[in-house]
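One structure below.
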Amino acid sequence: MSAEEGDWNFYLRTVSNSARDSNITNGPASDPSLLHAVKKLCEFCKREDKTSDDLVARVYPHVNKLFQRSVASLSQSNSSNGLLLLGILQFFLDFGEVVLHDADPSLHTFIRSCLSREFADPIVAAATLDFLYVNKNKLLISFPNLLPQFFPLILKLTAWNGGKLEKPFLKVLPGLVSPGSFLPLFPSLMDLPILVVALEKVERSSGSLVGNNIASIQKSKAPEMLLALMDEAYTGTTIGERGGDESEESSTINVADPLFLELLKDENDGLVERHWTSPGIAAVLQAAKNSPQSDRLKQILKIAPRLLDAYFTIALRDANSSLICALIPILMTRISALFPDQNYMYEVRRRLLEFMLAAFHRSPDLIPLLKKPIIDRLGNAYDSTEKTELALQLCWAVGEYGGGGPTHKDAARELFESLELLLYENLSSSRLGLRQEAAVNSNRKSFSKSSQSRLLCFVITAITKLATHHRELLPRARVALIKALSTGIKEATKWSHISRFTFSANRKVHPSMIFHYQMFFQEDHKAT
């Protein structure tokens, strides 16, 4: 017998003996040599010779029994089973066609039974992302719904284990996006910081999610609590009262709050409304503003905007117009519902607005389709700073793309009327000196003089450009500009002169000209 044949027989005996062991308490993962043996057997089976299929046929029964035994021992084993099960899954994916083994049930079993318990283990988390990336093409072709179905759990392990998994996750992210997961994935990425808060809450309330070894995790109440929370989310059953006294800090957040139940799910069950107005979430956000941030939370606040960048890149490249059209209203709503960290809010809002404008640039016909949410957002332009900024960008897009183009005259007229109303409201508040009252008016508490001037310039620009796309609106546009001139308001007068020049020259305002004049008005306003 050659040395190679001896190694083969040794590894096969190791796997076979463990597969026949009936001791559930002492699971297969407690033997560190098993993982090495499974990997070596895979290497032998991958050799391109006449005996490779025979080797696979001899190995498969033992590996399959080992998989079943490992799964059965999950609830009682004191060792992590994740790496061993990943090694066996790799065998199933590589040689499933040879032995007619459908790997789909095995993959679901691993994710639901093992990964849901061991996601907090950084080694298992990193190995899982590596496994998904290496087998990305196989999974997308043979099991296209697997990753989109379990994207919440993949987000959970990424959020909990921090920056070390950012790059591996970005490699896997395209596989998470499908028609069924595209929309639910967006709020999940937006809410990664509050997901971390929820997981930290579970850790503080019921014990550590991760320790020096898996035994400490298994003995703690945290995995059971997560499973109980998910059970309530799926079945509607009530979580039992936990014994013992709770500290004031731990009772601040109700882990049965609908948003927490939604965040802690492992599977995608479609787009669900996020309950940002619930008392529990209000308490979380207030506590987050007033409490020191953990290192894990600080990391995810930096990572989440970059993950959104990748998501938007995939969206513009792969998503159809119907999905983008459904996404933009959600984006408009979420621009004022973000985790209360100043830098995070700035970075995320900037990306949301950039994506929205890029989507309108790619498909201008989205504007007439979205005229109702656009008109609603223009009507809320005075409510807060972030809503003002959203209205500014919507004004620019409506004017730049002519309300969707010359074939959408009805939508353009409705949008024009909304811009007219916004202009007259702006002029009226400026003339009556309501800027000073903005500080005490509950609906305008964040509306500053600078924002009002910028909004005025954008509205006049949009009216002018919309009228140049739709000539039937020119008379109404001239009336609006004359009214702006007659107010004597400095910014309105300047911009109205420019717009009248545009009409007289029968030309459209070039974007670069708009930009330079807007900058001029802002600088002039600062100087005065």
Side-chain angles (χ1 to χ4, degrees), residues 132-133 136-137 140 144-145 147-148 151-152 154-155 158 166-192 268 270-271 302-338 344-374 377 386 389-405 407-408 411 415 462 511-512 514-515:
L132 296 177
Y133 175 67
K136 181 173 62 174
N137 291 334
L140 291 177
N145 296 322
L147 295 183
F151 82 77
I154 298 172
L155 282 178
T158 303
E166 179 183 358
K167 290 183 179 179
F169 174 79
L170 287 173
K171 295 178 180 178
V172 175
L173 179 59
L176 306 183
V177 181
S178 74
S181 66
F182 177 76
L183 294 177
L185 183 56
F186 170 67
S188 296
L189 289 170
M190 295 271 289
D191 292 335
L192 283 177
N268 169 30
L271 185 63
K302 294 179 180 178
I303 293 171
R306 296 195 288 267
L307 300 186
L308 277 173
D309 274 337
Y311 171 81
F312 288 145
T313 299
I314 295 169
L316 292 172
R317 184 187 66 209
D318 300 333
N320 59 42
S321 295
S322 298
L323 288 174
I324 298 291
C325 186
L327 176 62
I328 290 178
I330 303 173
L331 179 153
M332 293 178 182
T333 301
R334 288 305 308 270
I335 203 165
S336 57
L338 297 174
Y344 173 76
M345 290 190 294
Y346 169 78
E347 293 294 337
V348 170
R349 283 172 183 153
R350 177 173 63 84
R351 286 164 170 81
L352 296 182
L353 294 175
E354 287 176 353
F355 168 75
M356 183 183 70
L357 294 179
F360 287 145
H361 178 74
R362 191 188 80 163
S363 304
D365 55 344
L366 291 176
I367 294 176
L369 293 174
L370 295 170
K371 67 180 180 182
K372 187 180 186 307
I374 290 174
R377 295 316 181 278
E386 57 271 14
E389 193 61 37
L390 174 60
L392 289 174
Q393 304 305 322
L394 289 173
C395 287
W396 186 90
V398 168
E400 179 68 15
Y401 303 112
T407 59
H408 300 282
L415 291 167
S512 61
I514 297 171
F515 173 80

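On a predicted model such as this, the values are computed, not experimentally measured, just so you know.
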How many angstroms lie between atom [atom1] of [X] and atom [atom2] of [Y], to the nearest 0.5 angstrom?
X: Phe186; Y: Phe312; atom1: CZ; atom2: CZ; result: 4.5 Å
X: Leu390; Y: Leu352; atom1: CG; atom2: CG; result: 9.5 Å
X: Ile314; Y: Leu173; atom1: CD1; atom2: CG; result: 4.0 Å
X: Leu370; Y: Leu327; atom1: CG; atom2: CG; result: 10.0 Å
X: Ile154; Y: Leu185; atom1: CD1; atom2: CG; result: 10.0 Å

(request) Quick one: do Ile303 and Leu192 satisfy side chain to side chain contact (heavy atoms under 4.5 Å, CB included)? Show the steps, please. (result) CA-CA 9 Å; Ile303 293 171; Leu192 283 177; 5.8 Å; no

(message) side chain to side chain contact (heavy atoms under 4.5 Å, CB included) for Ile324 and Arg362? Distances and angles first, verdict last.
(response) CA-CA 10 Å; Ile324 298 291; Arg362 191 188 80 163; 3.5 Å; yes

Heavy-atom side-chain proximity of [X] to [Y] below 4.5 angstrom:
X: His408; Y: Ile367; answer: no
X: Val348; Y: Pro305; answer: yes
X: Val172; Y: Lys136; answer: no
X: Tyr344; Y: Lys302; answer: no
X: Tyr133; Y: Pro168; answer: no

Is [Y] paired with [X] through a side-chain N to carboxylate O contact shorter than 4.0 Å?
X: Arg351; Y: Glu354; value: no
X: Glu166; Y: Arg306; value: yes
X: Arg334; Y: Asp191; value: yes

What closest approach, in Å, do [X] and [Y] show between heavy atoms, and which atom pair accounts for it?
X: Ser188; Y: Leu155; answer: CB-CD1, 3.5 Å
X: Cys325; Y: Leu366; answer: CB-CD2, 3.6 Å
X: Leu323; Y: Leu183; answer: O-CD2, 3.9 Å
X: Pro329; Y: Arg377; answer: O-NH2, 4.1 Å
X: Gly180; Y: Asn268; answer: O-ND2, 3.3 Å
X: Ile328; Y: Ala359; answer: CD1-CB, 4.0 Å

(request) For Phe182, check ring pair (Phe, Tyr, Trp, His ring centres under 6.0 Å) against everything at least two apart and list the hits. (result) Tyr311

(message) If we ignore hydrogens and angles and just use 3.5 Å, is the side chain of Arg349 paired with the main-chain N or O of Ile335 as donor and acceptor?
(response) yes

(request) Using modelled atom types only, decide if a donor and an acceptor are shared between the side chain of Ser181 and the backbone of Ser178 within a distance under 3.5 Å. (result) yes

(message) Run the salt bridge (Lys or Arg N to Asp or Glu O under 4.0 Å) test against Lys372 and tell me which residues pass, sequence neighbours left out.
(response) Asp376

(request) Run the numbers on Trp396 and Phe360 for side chain to side chain contact (heavy atoms under 4.5 Å, CB included), then give the verdict. (result) CA-CA 11 Å; Trp396 186 90; Phe360 287 145; over 6 Å; no

(request) Show your reasoning for whether side chain to side chain contact (heavy atoms under 4.5 Å, CB included) applies to Met356 and Met332. (result) CA-CA 9 Å; Met356 183 183 70; Met332 293 178 182; 4.2 Å; yes

